[in-house]
Amino acid sequence: MNNESINDEMIAGYILDDLPDEQTERLDELAVSDAEFFERMGAVENDLVDRYVRGGLNEADAARFEVHYVKSPQRRKKIQLARAFLEFAEGKTKLQGVTAESKAESMGWMTGFFASPVFRFAMAAAALVVVALAGMLVLRNFSGSGVEVASNIANQGVPDNNTSPRPDVVEVPVNTDPLLTPTPLPSPTATPSTTTPSQPLIASFVLAAPLRGGNVQSLSIPAATDKAALRLELESDDFHSYSVELKEAASGRVIWQNRRLSAVGPQSSRSIRISIPAKTLRPTIYTVSVSGKTEGGQTETVGDYPFRVVR
Amino acid sequence: MTAGAWDGFIRWLDDGSDSEGRSYLEMRRRLAAYFDRKNCRNPDELADDTLDRVARRLEEETTIETETPAKYCYTVARFVFMESLRSKEAKSDSIDQMSGTDELKATAGSEDDERDEKEKMLSCLDKCSTELDTKNRDLIFGYYVGNEGVKIENRRSMAAGLGITVNALSIRAFRIRDKLEACVRLCCDGK
């Protein structure tokens, strides 16, 4: 048995004293002689104890845990520490507005609609159209109000709305990480005598609200992109106006928001369009949270649109 | 053991690097964890016993070249463990006598004691977490957000954001949590 063949499941079995003698002896030796393995085992042990504390172990593992793991005073102390740590960690992340489960739950009401065969057929057809148009649009340059470097939407002739925030909208300061500082784009023509302004490069994407448990959509944003234009498809346009927040999924930090948006497009496919400075988008998972405001001023959650940025 | 022999032992454990004694502490910790996993009642004492024997052997032989230092420590530890099993037959030297749940019931304090203990831990966690730098604090609490599938996806995105593998992230989180737990243990002991 070499180290590459040792997976986390085997390490968990070792911690629960549930391996054959030969494997146990091998891992005994590694746990003492190999510092890296010791740390890896510690990480697996933490996860195992946390799952026990949260009631997430299957029946057999939970039984094994309670027969074997809790025997030692040091390990019982570890369980106590894990309980306190998880409670403390959850309290900390709630203060930051992050609860991963609340994000998952907010998508629950869409499950019925998005599971239907009609929707799935429509999505498959839309995907084919998108692939065909993506190829065309990547080859376009220097037309309209910007250079579109990537897109997954069809040009329906609907004018963009709300691409810049209105005075009553708060634009959250962008990440000041120097690694994200964009390099200036070269002007289309290099001769000093020309006055042609350089045109912004725009990457356009369509986001459909995902199925529960489905894959998070990946958006590939080319390096020189200035703005990422997102079209958020709506199941129905039920509100007077919409508010949109873009958050980092891991930390819950809001990095962009706009509170006065209207839906656009034909009645059969209403959507909200937003435009985000590309330099604010790092290779990580984001969530666009949409809420609607009624004429009476009440706010209701519309849905979350998670996506992963790939660069 | 003479000071010279002790220095020689530490240098041998360092195995070419200069850890300023950290390799001794690390090895002691790994040995104590080994004996604890074997349900030995006194894992710290057995770890010390193991290192004493290794150090004495090194002093007698001046060098041990058959195995790496870490591997040799394991070999001696295994021998020490076997000895402790034999001595268990004469006296109760293992916690294997009771099942885990019986042990839990036997050592459980009152509800009030447990509540007090937990409150103390939470207070110590609050104090100890402020001693972490912001980056590590954000990492350690973000790492444990969510249940199962959501947590896994979250960790993948964190690793991608940091430009490291998920395994490397798990090691980083383990080290930070380890440091935090050590601080909490000291704090709870009133140190």
Side-chain angles (χ1 to χ4, degrees), chain A residues 14-15 17 25 28-29 31-36 38-44 46-47 50-51 54 56 65-78 80-81 83-93 96 98-101 103-104 213 216 248-251 282-285 308, chain B residues 26-27 29-34 36-39 43 68 70-71 73-74 77-78 95-96 98-101 103-104 107 114 117-118 121-122 124-126 129 138 140-142 144-151 153-154 156-158 160-161 163 167 170-171 173-175 177-178 180-181 184-185:
Chain A
Y14 169 67
I15 292 165
D17 195 24
E25 244 180 74
D28 276 342
E29 181 183 328
V32 172
S33 64
D34 188 329
E36 209 175 292
F38 180 75
E39 288 186 322
R40 187 181 163 200
M41 185 182 70
V44 171
N46 282 343
D47 277 345
D50 290 351
R51 291 214 315 274
R54 285 173 161 160
F65 196 96
E66 287 181 355
V67 163
H68 172 74
Y69 190 85
V70 301
K71 275 185 184 174
S72 119
Q74 285 85 349
R75 299 197 293 265
R76 285 197 297 280
K77 187 80 181 183
K78 190 160 179 69
Q80 268 185 310
L81 277 166
R83 278 209 175 92
F85 174 77
L86 289 173
E87 186 176 320
F88 186 77
E90 275 163 27
K92 277 275 181 198
T93 50
Q96 292 171 2
V98 176
T99 50
E101 285 77 17
K103 284 203 281 271
V216 172
E248 285 182 353
S251 63
R282 301 181 294 122
T284 187
I285 294 183
R308 179 189 288 113
Chain B
E26 262 307 304
M27 179 52 68
R29 185 184 171 190
R30 297 207 293 264
L31 288 169
Y34 166 76
D36 181 57
R37 276 194 305 281
K38 297 301 184 189
N39 295 327
T68 63
K71 180 102 190 292
C73 288
Y74 167 71
R78 196 160 173 273
I95 53 180
D96 274 326
M98 296 163 88
S99 77
T101 40
E103 188 79 28
L104 260 178
T107 55
E114 282 186 15
E117 180 81 20
K118 189 176 170 188
M121 279 186 183
L122 289 171
C124 287
L125 269 164
D126 196 26
S129 67
D138 288 346
I140 193 60
F141 293 126
Y144 291 100
V145 166
N147 282 324
E148 294 317 313
V150 175
K151 188 167 65 181
E153 191 57 46
N154 177 48
R156 275 198 199 119
S157 84
M158 281 181 80
N167 277 344
S170 77
I171 299 296
F174 165 75
R175 288 176 184 164
R177 183 165 168 173
D178 194 44
L180 202 55
E181 285 185 359
V184 169
R185 283 175 205 260

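Letters A, B, ... mirror the listed sequences (proteins, then strands); counts begin at 1. Quick note: numbers below take in every heavy atom, side chains included, and nothing from hydrogens, waters or symmetry partners.
Heavy-atom minimum distance, B:Leu31 versus B:Cys73: CD2-O, 4.0 Å. Contact between B:Ala33 and A:Phe38 at its shortest, heavy atoms only, is CB-CE1, 3.9 Å. Residues B:Asp36 and A:Arg75 come closest through the heavy atom pair O-NH1, 2.7 Å. Heavy-atom minimum distance, B:Ala70 versus A:Ser33: CB-O, 3.4 Å. The minimum heavy-atom distance between A:Arg76 and A:Lys71, with the atom names listed, is NH1-O, 2.8 Å. Between B:Arg37 and A:Ala31, the shortest heavy-atom distance links the atoms NH2-CB, 3.2 Å.
Neither the backbone nor the side chain of B:Arg156 comes within less than 4.5 Å of any heavy atom in chain A. Looking at B:Ser129, only its side chain comes within 4.5 Å of chain A, counting heavy atoms on both sides. With a 4.5 angstrom heavy-atom cutoff, B:Asp178 does not touch chain A via any of its atoms. Residue contact with chain B, scored on non-hydrogen atoms closer than 4.5 Å, is absent for A:Asp17. The contact between B:Ile140 and chain A is made by backbone and side chain atoms together, counting heavy-atom distances below 4.5 Å. If you measure heavy-atom distances from B:Tyr34 to chain A, the contacts under 4.5 Å come from the side chain alone. At a 4.5 Å heavy-atom cutoff, the contact between B:Ala160 and chain A is made by backbone and side-chain atoms alike. Residue A:Tyr69 does not touch chain B at all, counting heavy-atom pairs closer than 4.5 Å.
In terms of non-hydrogen atom pairs under 4.5 Å with chain A, the most contact-rich of B:Met121, B:Lys118, B:Lys71, B:Arg177 is B:Arg177. Taking A:Val44, A:Asp47, A:Val32, A:Leu86 one by one and counting their heavy-atom pairs under 4.5 Å with chain B, the maximum is reached by A:Val32. Comparing A:Lys77, A:Arg51, A:Glu25 by how many heavy-atom pairs each has under 4.5 Å with chain B, the most go to A:Glu25. By number of non-hydrogen pairs under 4.5 angstrom with chain B, the leading residue of A:Arg83, A:Gln74, A:Lys78 is A:Gln74.
Checking B:Tyr74 against B:Arg30 by side-chain atom types alone, no donor-acceptor pair falls below 3.5 Å.
Using bins of under 30°, 30° to 60° and over 60° for the plane-to-plane angle, the ring pair A:Phe85/B:Phe141 lands in the parallel bin.
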